[in-house]
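Right, one structure below, let's go through it.
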Amino acid sequence: MSSIPKTEQSSSSQGFRKTGDQAISQTPLHPRRRSRRIMVGPVPVGGGAPISVQSMTNTVTADINATLQQIAELAAAGCDIVRVAVPSQDDADALPIIAKKSPIPVIADIHFQSKYVFQAIDAGCAAVRVNPGNIRKFDQVGPEICKAATDAGISLRIGVNAGSLDKDIYARYGGPTPEALVASALKEAHMFEDVGFHDFKISVKHHDPVTTVQTYRLLASKGDWPLHLGVTEAGPSWQGTIKSCLAFGALLAEGIGDTIRVSLSAPPVEEVKVGCKILEYLGLRQRHFDIISCPSCGRAQVDVIELAKEVTEGLKDITAPIRVAVMGCIVNGPGEAREADLGVASGNGKGQIIIKGKVVQTVPEDQIVPTLLERAKEIAAQMDAKAAAQGETLPNAGPMVVPVTGRAS
């Protein structure tokens with residue numbers, strides 16, 4: 001089993017946020033796969049730790065202010081770990097300031113140039129992502145990278161992608177098949193382990209969700225490495241969201257996966273929102289505001305699409321786990337609204353406001369949205385006050401930063 005990096009530091013000393021609930025680490029669908037634990041700064045990955053959400057900045061890393069601004073936005077959306085690209089010397093030179101000022105741990109993303117790996121380690125990054133398939137002379141520099149990471153007490157990620165598979169492995173298996181991706185990952189994992197380095201996680205990404213699931217299932221059967229889930233080049237927002245939900249849903253429901261990154265051709269904050277919601281709906285992360293709304297159909301006596309959009313926008317900053325039902329007719333409306341903390345059953349130009357199963361108010365259609373927002377904020381404030389009275393904190397978006405002092409079981 002892996003030892004914890006020796007430079008693990010408390011969240012208070014680094015200014016990292018504590019969020020979420022340490023206990024939210026099991027899905028009700030299947031026991032979590034047993035994996036060893038590593039640390040990315042103060043965030044635990046694997047070993048039963050809560051599943052963390054990652055994203056990657058799309059700024060020029062050398063633009064320090066723009067990069068830190070985007071990292072702050074990602075953190076506010078619930079991101080736990082952020083990756084920054086380091087394709088140039090200017091980007092590498094910016095890492096010390098970014099790593100120091102970031103509110104969440106920073107991973108340096110390195111390709112081709114091994115010298116940037118060492119620079120990222122010296123800069124104080126929490127981890128480094130390396131792709132041995134495209135790092136020049138990796139067989140020679142790999143042991144040096146492992147030693148530098150060990151000395152600094154940081155972890156690494158082996159990133160195997162279908163698009164950058166080792167040429168020999170590609171030829172042997174006839175393409176980026178699950179077997180080829182896993183063979184590449186095993187080769188690189190053994191390269192690290194042969195020199196005594198174990199503080200790494202593995203990703204084996206493919207653009208096809210079915211291949212992704214097959215690959216991670218196969219890799220999970222081969223060892224206890226913590227696994228970083230991802231569907232690479234997943235596409236535009238709607239398409240990539242579907243692909244990620246399919247792959248992550250299948251794998252996480254089987255207990256496979258320790259940290260996730262949703263890859264979208266969209267602003268990085270959207271990746272984080274999707275990732276957090278996937279974990280929430282699988283029971284792997286504390287629920288935030290949730291809206292139940294009926295589909296548009298011929299029975300609806302109100303514009304449900306617009307109504308749901310306005311309510312969602314009005315409550316987007318609510319962090320309390322309040323469930324709001326927005327229903328457009330009398331068929332399912334009253335029943336669904338009764339199951340929510342707050343709801344509206346609409347029809348005949350008016351809406352019945354329902355709290356905990358009881359109709360408390362009937363309002364004209366043009367007052368449904370402002371009334372729901374007012375009531376929702378009142379309920380959320382009551383939840384906050386109750387939690388504070390009990391000495392608790394309602395869940396923010398991410399997992400608890402868990403101090404680990406021994407070996408993971």
Side-chain angles (χ1 to χ4, degrees), residues 5-19 38-45 52-131 135 141 144-157 159 199-201 228 259 261 263 267-272 275 396-399 401 403:
K6 65 184 180 181
T7 60
E8 173 194 333
Q9 296 173 336
S10 69
S11 59
S12 58
S13 66
Q14 289 296 302
F16 290 103
R17 59 194 176 87
K18 277 193 175 184
T19 55
I38 65 170
M39 301 296 292
V40 179
V43 175
V45 175
S52 52
V53 174
Q54 301 193 26
S55 186
M56 185 172 181
T57 57
N58 61 9
T59 58
V60 175
T61 304
D63 187 341
I64 294 173
N65 289 337
T67 300
L68 286 172
Q69 175 62 36
Q70 191 169 83
I71 291 174
E73 293 167 359
L74 292 170
C79 188
D80 305 298
I81 299 168
V82 66
R83 188 156 41 108
V84 299
V86 189
S88 73
Q89 186 62 55
D90 288 343
D91 299 315
D93 291 341
L95 290 176
I97 297 176
I98 292 171
K100 181 178 181 180
K101 293 189 175 183
S102 172
I104 53 178
V106 173
I107 297 178
D109 186 82
I110 311 293
H111 295 270
F112 306 113
Q113 294 279 3
S114 61
K115 66 178 182 179
Y116 297 151
V117 176
F118 299 103
Q119 231 181 306
I121 293 172
D122 291 341
C125 290
V128 179
R129 183 271 179 120
V130 294
N131 188 340
I135 292 286
V141 300
E144 296 176 28
I145 290 173
C146 292
K147 183 179 185 306
T150 299
D151 291 345
I154 72 166
S155 59
L156 301 174
R157 170 161 76 96
D199 290 314
F200 63 89
K201 60 183 182 288
H228 169 115
T259 185
R261 190 264 172 115
S263 297
V269 166
E270 297 304 311
E271 299 182 347
V272 175
N396 202 326
V401 174

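Any value given below was found using the heavy atoms of this structure, including those in side chains, with hydrogens, waters and symmetry copies removed. Only a predicted model underlies this, so the values are computations on that prediction, with no experimental measurement involved.
In this structure Ala127 satisfies the side chain to side chain contact (heavy atoms under 4.5 Å, CB included) test together with Val40, Ile107, Ser155, sequence neighbours excluded. Listed by chain and residue number, Thr59, Asp63 satisfy the side chain to side chain contact (heavy atoms under 4.5 Å, CB included) test with Ala66 (two or more places apart in sequence, or in another chain). Not counting sequence neighbours, Lys101 has no partner by the salt bridge (charged side-chain N to carboxylate O under 4.0 Å, His left out) test.
In this structure, CG in Asp199 is found 7.0 Å from OG1 in Thr150, a value given to the nearest 0.5 Å. Here CZ of Phe200 is found 15.0 Å from NE2 of His228. Values are rounded to the nearest 0.5 Å. Separating the CD atom in Glu73 from the SG atom in Cys79 is a distance of 12.0 Å, to the nearest 0.5 Å. Rounding to the nearest 0.5 Å gives a distance of 13.0 Å between NE2 of His111 and OH of Tyr116. Here the CD1 atom belonging to Ile81 is positioned 14.0 Å from the CE atom belonging to Met56, to the nearest 0.5 angstrom. Between atom CD1 of residue Ile121 and atom CG of residue Leu95 there is a gap of 11.5 Å, rounded to the nearest 0.5 Å.
Of all heavy-atom pairs between Ser55 and Arg261, the closest is CA-CG, 4.0 Å. Closest non-hydrogen pair, Val86 versus Ala108, comes out as CG2-CB, 4.0 Å. Residues Asp80 and Ile104 come closest through the heavy atom pair O-CB, 3.6 Å. Pairing each heavy atom of Ala126 with each of Pro105, the nearest pair is CB-CB, 3.6 Å. The minimum heavy-atom distance between Gly78 and Val53, with the atom names listed, is O-CB, 4.3 Å.
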task = Would you check, one step at a time, whether the test side-chain contact (heavy atoms from CB on, under 4.5 Å) holds for Ile71 with Ile98?
result = CA-CA 9 Å; Ile71 291 174; Ile98 292 171; 3.9 Å; yes
key: Check against side-chain contact (heavy atoms from CB on, under 4.5 Å), Arg157 and Val130   = CA-CA 6 Å; Arg157 170 161 76 96; Val130 294; over 6 Å; no
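At a cut-off of 3.5 Å, with distance as the only test, no side-chain donor of Gln54 or Glu271 sits close to an acceptor on the other residue.
For the pair Ile154 and Cys125, the minimum side-chain heavy-atom distance is 4.5 Å or more. In this structure the side chain of Glu144 reaches within 4.5 angstrom of the side chain of Phe118, judged on heavy atoms. Counting heavy atoms from C-beta outward, Leu74 and Val269 have side chains that approach closer than 4.5 Å.
Sorted by first then second residue, the salt bridge (Lys or Arg N to Asp or Glu O under 4.0 Å) pairs that include residues 88-99, not counting sequence neighbours, number zero. Residue pairs satisfying the salt bridge (Lys or Arg N to Asp or Glu O under 4.0 Å) criterion with at least one member in residues 105-116, sequence neighbours excluded, are listed as follows: Arg83-Asp109, Asp109-Arg129.
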